K.L.:
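Got a structure here, written out as structure tokens. Questions coming.
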Amino acid sequence: MRQTGFDHMNLFAEFRSLVLAELAAMAEAGLIPAGLDMANVAMEPPRDAGHGDMATNAAMVLAKPAGQPPRALAERLAARLAKDPRIAAVEVAGPGFLNLRLAASVWQGVVRTALLAGRDYGRSNLGAGRKVNVEFVSANPTGPMHVGHVRGAVVGDALAALLAFAGWDVTREYYINDGGAQVNVLARSAYERYREAHGLEPEIREGLYPGDYLIPVGEALKARYGTSLLNQPEAVWLADVRDFATDMMMEMIRADLAALNVRMDVYSSEKALYGTGKIEAALEALRAKGLIYEGILEPPKGKTPEDWEPREQTLFRSTAYGDDVDRPVKKSDGSWTYFAPDIAYHYDKVCRGFDELIDIFGADHGGYVKRMKAAVAALSDERVPLDIKLIQLVKLWKNGAPFKMSKRAGTFVTLRDVVDQAGAEVTRFMMLTRKNDVALDFDFDKVLEQSKDNPVFYVQYASARIHSILRKAAEIGIAVDDVALAAADLTLLTHQAEIDMARKIAEWPRLVEIAAKGNEPHRVAFYLYELASDFHGLWNRGSDDTSLRFIQEGNPAVSSSKIALVRATGVVISAGLAILGVTPAVEMR
RNA sequence: GGCCCCGUAGCUCAGGGGAUAGAGCGGCCGCCUCCUAAGCGGCAGGUCGAUGGUUCGAAUCCAUCCGGGGUCACCA
């Protein structure tokens, strides 16, 4: 395990280590057997505050393997832990929990740590620099991004930021599906707009893309090619128009992503895999493992498709890695299925040296998960784990009714429609207020509302209040920079309400690690809501109890300590919002 | 029919094997001569879909059902 300056931030991990050290000493002294499995020993914040600041299940987990009653084991461990000056009290409770109450100095130290670490407070080395590739969005380059892509874009971007914060070496990547039939459809659609640009009547036949967004493409084609493509057979212009149009579509998509403040590190092209031997090489790698064969699939169990006919295909033996059936990599006409270049693409990611892969897919691609995991497992000899996050639907609401409209496309709501109405930051936060695998309601009225109904506002309001206090403090001559506040006499923070605030701040580094382990960026949004709630509560305590007001007239020392706590809260809000891609509010308007 | 996801308070949802299951909204009752009441506090509200199993301990893990959604070979 690498030791770094950040490791001390997770207080729970620190005290867990203390417990493990004491257990090791007990083993050394022959009080418990040596070599016990400590993996399930946990140190957690108890649900009930009456149970102290931290609780460990060590005695219960180890009772059986140690051959001792849990409470007896707990008593022995408690006696040892009680000697640590950071621990104010230890009690054995329930079936054998060890509840720790920590010295106030520990919580005061948390405030100081947060102030000194600033935006880095909570940063972790959990990832230990491992290379992870997060592939997300990967929308077809056939039109503007629509609302269905927004959630995936936000989740992927926030997850990437979270993993970077937790110590991974992150690459954000977009896979351009520019190799299939749909880009030919795009080309034909754009060609009609090109004819239109020349004053001809476009023939937007069934199956072509009707969107207005192709009109500028037609005009650009006219500017580039003049009349030279008119009245020419498709074979003459298809490839050129396709490349021209997909390039323009990707420009549009990049601009859409930019409007959402999403930045990719790498764009990978499906088309670029063709003709380079990469697909063949990837399949050859599988063939060498005996995983490619010619065969005939059984019809799907239960419901057989109307046009089912037995057909010999080139198949990938994905069942060897947990899939339900083997999967075709070649169509009957000998061309690749979509799966084949995707295998090659993931092989490429493995070859580029990533230690972990993450794909963010729409929930409608759920059926694709097992085969993709099988492919990566086979290609990496099970070295590289692939986690696939499926993003459920977003239901848009406005004026109490489902919202469907698009200025440009008629049928779907574009990313721009959403960002124009809600703003990028509000959109980003709202998209993270649900786990990725449950549907999310996005209500245009609610996201713009300034009330606690709206979690974005609620967190931002806390941030604004914090800045308001800092401004006020500065006005009366209190130094509010982080270094000065960190040097304040924090032993003056003794009220339980203040300690509780510091406890919540102390949970942040732990939360980062939990969220990163599970690839669950939504946890950050929920935590920030709780943190804001605690802060609003503390703020209002000042109404009843003037000793809890942050600015104590005529007592700069006490004021500084309280403002240090306020600022530390702001530090965490800033760090958390940064992961979500949201700028903390300085004031409400 | 196979596979995947979901099922927790009236509603919308949190809850990495822990103790008496939480939050917001809605309902009821309170709090502004006081740092922003765009806020806060309290009360009421639950067989965690069902049944078995694993475990000292299950909303959480496993199995089988029941509901709801998604998906199912030459689309991507």
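For clarity, every value in this text was computed on a predicted model and none was experimentally measured. Labels below follow one simple rule: chain letters A, B, ... track the order of the sequence lines, proteins then strands, and each chain is numbered from 1.
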K.L.:
Just to verify, what does A:Asp445 make a salt bridge (Lys or Arg N to Asp or Glu O under 4.0 Å) with, not counting sequence neighbours?
P.N.:
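For A:Asp445, no residue satisfies salt bridge (Lys or Arg N to Asp or Glu O under 4.0 Å) once neighbours in sequence are set aside.
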K.L.:
Among B:rC3, B:rC6, B:rG39, find the nucleotide with the atom closest to the side chain of A:Tyr461.
P.N.:
B:rG39
K.L.:
Between B:rG18 and B:rC61, how far apart are the C1' atoms? Round to whole Å, please.
P.N.:
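Their C1' atoms lie roughly 14 Å apart.
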K.L.:
For RNA chain B, what residues of residues 50-59 of chain A have any heavy atom nearer than 4.0 Å?
P.N.:
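Heavy-atom contacts with RNA chain B come from A:His51, A:Ala55, A:Asn57.
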K.L.:
I want to check a possible cation-pi pair here: A:Arg317 against A:Tyr293, using under 6.0 Å from ring centre and within 45° of the ring axis as the test.
P.N.:
yes
K.L.:
Here's a test for you: under ring pair (Phe, Tyr, Trp, His ring centres under 6.0 Å), which of A:Tyr529, A:Tyr461, A:Phe550 qualifies with A:Phe535?
P.N.:
A:Phe550
K.L.:
Quote, to the nearest angstrom, the P distance that separates B:rG46 from B:rA9.
P.N.:
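10 Å, rounded to whole Å.
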K.L.:
Expressed as a whole number of Å, how far does the C1' atom of B:rC34 sit from that of B:rC40?
P.N.:
14 Å
K.L.:
Write down the distance separating the P atoms in B:rA37 and B:rC11, rounded off to the nearest Å.
P.N.:
34 Å
K.L.:
Answer yes if the ring centres of A:Phe444 and A:Phe442 are under 6.0 angstrom apart, and no otherwise.
P.N.:
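Yes, they do, as the ring centres are separated by less than 6.0 Å.
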K.L.:
For atom C1', what is the distance between B:rG49 and B:rA59, given to the nearest Å?
P.N.:
12 Å
K.L.:
Quick one: A:His536 NE2 to B:rG24 P, roughly how many Å, whole number?
P.N.:
12 Å
K.L.:
Dot-bracket, 5' to 3', for RNA chain B please: Watson-Crick or G-U pairs under 3.5 Å, [ ] where pairs cross earlier ones, | where the partner sits on another strand, dots elsewhere.
P.N.:
(((((((..((((....[...)))).(((((.......))))).....(((((..]....))))))))))))....
